[in-house]
Every structure is written in C-alpha cells, then in structure tokens.
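Being a predicted model, the structure only gives us computed values, none of them experimental. Order of the sequence lines sets the chain letters (A, B, ...), proteins ahead of strands, with each chain counted from 1.
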2 protein chains.
Amino acid sequence: MLNFESLEIAVSPTEKFREYLATKGMRLTQERELIVAEVFSSHEHFDADQLVERMKLQKTGRRVSRSTVYRTLGWLEDAGLLRKVARTNDRDVFEHDYGYPQHDHFICKSCGELFEFQNDDIAEILEKLADEINFRMNEHRLEVYGICDECSRPPQRRHKKLDLI
Amino acid sequence: MLNFESLEIAVSPTEKFREYLATKGMRLTQERELIVAEVFSSHEHFDADQLVERMKLQKTGRRVSRSTVYRTLGWLEDAGLLRKVARTNDRDVFEHDYGYPQHDHFICKSCGELFEFQNDDIAEILEKLADEINFRMNEHRLEVYGICDECSRPPQRRHKKLDLI
DNA sequence: GTTATTGCAAACCATTTGCAAGTGT
DNA sequence: ACACTTGCAAATGGTTTGCAATAAC
C-alpha cells in the first residue's frame, strides 16, 4: 500500500485547495486561485490587510474584494494550507502551513519581527506530557517574546516596524 | 545584600498593584481595589466580559463600569499581576502572573478547556536557542492543541463549553 | 437554469477613548 | 483648587455577514 502522506508536497497548494473545496461542494474560482497564488508566492508572514493590498498590486485585471480575501483565508486555514501564527497590532498573522516544516517563533517586543526556529525536542517533551493526561495532541503554538539582537544594540538605526506591520 | 526577588510573594497583589500605580502617579481607588480582589479570588482563567459579570455579583454597593474593568486589566498586565494566555471566542483570556509559577497550556479543541502543565526543560531549550541568535528572551507562550481525555471518549455526556467561555 | 460566488455596504463585537461630572486630598 | 478617575456613550477597527447581481457548470 502506497504511503500518500509522504507525497503531500507533490501536490501544489492550488491543487490541494481545489481538492478541499471539492469536498465542500465548492469551486476553485478565479478569485480563489489568484489568492492562493499570491499567498504562496512568498514565505513571509502576513495579515489579511497586507494580502488585500498585495492583491491590488497584481497585474491581473481581476479585482478581489476584501470580503473574498477574508473568506478565502478562512478556508485556506481549514484546508491546512495556512495557519494563524500570532496576533500583531490586533490583526491575525498567517503563515504557510503546507510544504513547510513545523516551527515556532521568537517575537521581538521592540520591532515586532518574527524569527522562526525549529526544534524537535520540544515536540517530544510535549508528546510525553500530553500522554500523561491522556491528551491527544494535534499541534502547538509557541511564541517566545523578548528583544532581538538588532534591537538590543546601542542607540543606532534599528527596526521600527511595530506599527507598520 | 538582601534578595528581594525571592520575597515577592510576600506582598499581596493589591499591595503590588498599589506600588505599580504609585510609580505612575496613579491612585489605588476603590474600584481598582475591588477589581484586584475579585481577580485574585480565584485561579480560574477569565476574559474581560466574565470579570465584568463577576463584578456585578459582588455584594458591595459599588458598581464598576466595563470601561474601568478594561482599563484596570491593562494596568494589571503592565504591573505583572496578570498576563494574557490565549484568545478564546475572540476574547483575550487572562490568568494570574503573580505568585504563580510559569506554566503552559493544553487546550482542548472540542470543549475549550485549558489544562496547565509545567516543564522546565522547555524553558531551558529555549534559552539555548535564543542564545544562538542573540535574542534576549523574556517569556513565552506555549499552547498545545488537541482533544482532552474526556472529549476523546465514546459518545456520552461531555464538556461543551466552547461557546460558554 | 440552477447553484455557488462575488462585492458592497451594513452589521458585529471586543476593546478603546473623549469628555463632563465626580472624587480624594 | 487640583489632579486623577469614573461612567457613559460614541468611536474604532478588524472581521463577518445579508443580499442582489454575477459567474461557473
């Protein structure tokens, strides 16, 4: 029996989304396809508003409304293509959750920058702890707050993205 | 030289809040005192709305407005007495962050229940990782999602608090 | 043709804020 | 008198939703 699990990256995000939509009797419309394309054109974290802006910049004549962006983000999350990673400036921040390894974030309280890191030991510890209370662990979100290298340096040019993000 | 760090639990939450307020030229009013008392009367997690309700139930004639509750929550957070632990049903969820050991949570996606756990190894691993990128770590938030023991049992009576919280 | 989808504008809702009246010193 | 606070009502701002027009099959 073939192990399709290991093949998942072989399917493009768009294709995976089409499959998800199919299970809901929904269609992969032009708008949805444009959104998936834009979302997966970069690995950067983003929020709904930023995505709306990026959609406006697309050369395609097709305009995508804010409502459609919001609705589609929800489905992309359901489909396992995106996940919310944090909340910055009162906005949900998304990142790719497909074809992208599990990881967590250091978040600079000064500039708001996110730094990804990956560590298997933590997941292992969690498995063990979950087991003790018979908790069926699915996933986790780990945000580590502090001050990043750049921001902890003497007064000089530094990040200042807190209200830009 | 005395180590005051280790004495912090000796000061009551109210007293600590008074000290914080003093540094800001602010007063510990009756309203604020009632709120701190209510907040620290139980170790349960809560959101602003729940606290507003609890304030209404207090036998004191003194009524505390929603605005005051919100404002005070912010200062309690600043003062290090409370911290936001999660977001449930679009609301910020708070818990004690004073005289209470660092811990994290298992969150049941079925019933919404939070289960606390405590593990030093994780913090240790984080310290090491933070060090590698020269990140000055202050604190972290770890939420582990999954299904709790009770909810993973066969169809029977079970938690159903998702929209009650 | 029928059913899903879009964009718009309005609704929602937790949280914040302006401000006049109130309170403590 | 003075400076900080409160409660109210209104504003904010991200996100959601109702609905008539539109597009996909």
Side-chain angles (χ1 to χ4, degrees), chain A residues 14 17-36 38 45-53 55-56 58 60-79 82 84-94 112 162-165, chain B residues 17-36 38 45-56 58 60-79 82 84-94 163-165:
Chain A
T14 303
F17 193 37
R18 187 203 304 283
E19 288 165 10
Y20 165 82
L21 291 170
T23 71
K24 302 274 183 183
M26 295 167 71
R27 301 159 183 166
L28 179 63
T29 62
Q30 287 190 57
E31 286 83 353
R32 290 173 190 170
E33 194 159 358
L34 287 174
I35 290 173
V36 181
E38 185 59 51
H45 300 95
F46 65 94
D47 60 42
D49 194 61
Q50 292 173 322
L51 181 54
V52 167
E53 290 310 311
M55 293 309 297
K56 285 184 187 161
Q58 280 196 159
T60 358
R62 200 80 168 196
R63 276 296 139 92
V64 180
S65 75
R66 178 169 292 268
S67 314
T68 297
V69 167
Y70 270 103
R71 283 190 276 241
T72 305
L73 280 174
W75 293 316
L76 285 172
E77 211 187 335
D78 268 8
L82 286 183
K84 285 186 186 142
V85 264
R87 204 152 218 270
T88 311
N89 291 104
D90 283 321
R91 296 176 185 170
D92 287 325
V93 176
F94 297 85
L162 256 195
D163 29 35
L164 297 178
I165 285 190
Chain B
F17 193 38
R18 186 203 304 283
E19 288 165 12
Y20 166 82
L21 291 171
T23 70
K24 301 274 183 183
M26 295 167 70
R27 302 162 183 164
L28 178 63
T29 63
Q30 286 190 57
E31 287 83 352
R32 290 173 188 168
E33 194 160 357
L34 286 174
I35 291 173
V36 180
E38 184 59 52
H45 299 94
F46 65 93
D47 59 41
D49 194 60
Q50 292 172 322
L51 181 55
V52 168
E53 290 309 311
R54 282 167 58 190
M55 293 308 297
K56 285 185 188 161
Q58 280 196 158
T60 357
R62 201 80 169 195
R63 277 295 139 92
V64 180
S65 74
R66 177 170 294 268
S67 313
T68 298
V69 168
Y70 270 104
R71 283 189 276 240
T72 306
L73 280 175
W75 293 316
L76 286 173
E77 211 186 336
D78 268 8
L82 287 183
K84 285 188 186 141
V85 264
R87 201 148 222 274
T88 312
N89 293 104
D90 283 322
R91 295 176 187 171
D92 287 326
V93 176
F94 297 85
D163 29 34
L164 296 179
I165 285 192

*Just jot down the salt bridge (charged side-chain N to carboxylate O under 4.0 Å, His left out) partners of B:Arg71, sequence neighbours excluded, or say none.*
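So B:Arg71 forms no salt bridge (charged side-chain N to carboxylate O under 4.0 Å, His left out) with any residue.
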*Using only side-chain N and O atoms of A:Arg32, determine if any of them is under 4.0 Å from OP1 or OP2 of C:dT6.*
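It does, given that an N or O in the side chain of A:Arg32 lies less than 4.0 Å from OP1 or OP2 of C:dT6.
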_Within this structure, what is the CZ-CG distance for the pair B:Arg66 and B:Leu51, rounded to the nearest 0.5 Å?_
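Those atoms lie 10.0 Å apart.
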Taking only residues two or more places apart in sequence, or in another chain, which ones meet [X] in a side-chain hydrogen bond (donor to acceptor under 3.5 Å, both in side chains)?
X       : answer
A:Arg27 : none
B:Glu53 : B:Lys56
A:Ser65 : A:Thr68
B:Arg63 : none

*With a 4.5 Å heavy-atom cut-off, do A:Asp47 and A:Gln50 have their side chains touching?*
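The answer is yes; the side chains approach within 4.5 Å.
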*Looking at side-chain heavy atoms only, is the closest gap between A:Leu73 and A:Asp92 below 4.5 Å?*
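A side-chain contact is absent here, since even the closest heavy-atom pair is not under 4.5 Å.
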*Please list residues of residues 17-28 of chain A whose heavy atoms come under 4.0 Å from any atom in DNA chain D, ordered by number; otherwise none.*
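Of all residues in residues 17-28 of chain A, the ones placing a heavy atom under 4.0 Å from DNA chain D are A:Arg27.
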*List in numerical order all residues of residues 69-78 of chain A for which some heavy atom is under 4.0 Å away from an atom belonging to DNA chain D.*
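By residue number: A:Tyr70, A:Arg71.
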*Across the strands shown, which category fits B:Asp49 at heavy-atom distances under 4.0 angstrom: base, sugar-phosphate, nothing?*
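Answer is nothing: B:Asp49 stays at 4.0 Å or more from every strand.
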*Rounding to 10 degrees, work out the angle separating the end axes of the helix from C:dG1-D:dC25 to C:dT25-D:dA1 (five pairs an end).*
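Axis-to-axis angle, ends of the helix: 20°.
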Partner set under side-chain contact (heavy atoms from CB on, under 4.5 Å) for [X], not counting sequence neighbours:
X       : answer
A:Arg32 : A:Phe17, A:Leu21, A:Met26, A:Leu28, A:Thr29, A:Thr72, A:Trp75
B:Gln58 : B:Leu34, B:Glu38, B:Met55, B:Thr60
A:Asp78 : A:Tyr20

Taking [atom1] from [X] and [atom2] from [N], how many angstroms apart are they, rounded to a whole number?
X       : N      : atom1 : atom2 : value
B:Asn89 : C:dC12 : CG    : P     : 18 Å
A:Ile35 : C:dG7  : CD1   : C1'   : 12 Å
B:Glu53 : C:dA14 : CD    : P     : 12 Å
A:Arg66 : C:dA11 : CZ    : P     : 19 Å
A:Gln30 : C:dT5  : CD    : P     : 14 Å

*Does A:Arg91 offer a backbone N or O that forms a donor-acceptor pair with the side chain of A:Asn89 under 3.5 Å?*
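Side chain of A:Asn89 to backbone of A:Arg91: no pair is present.
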*Which is the 5'-most and which the 3'-most nucleotide of DNA chain D that has an atom under 4.0 Å from a heavy atom of chain A?*
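From 5' to 3', the first and last contacting nucleotides are D:dG14 to D:dA24.
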*Base of C:dT17 paired with side chain of B:Ser67 (donor-acceptor, under 3.5 Å)*: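 Between C:dT17 and B:Ser67, which were checked side chain against base, a qualifying N/O pair under 3.5 Å is present.
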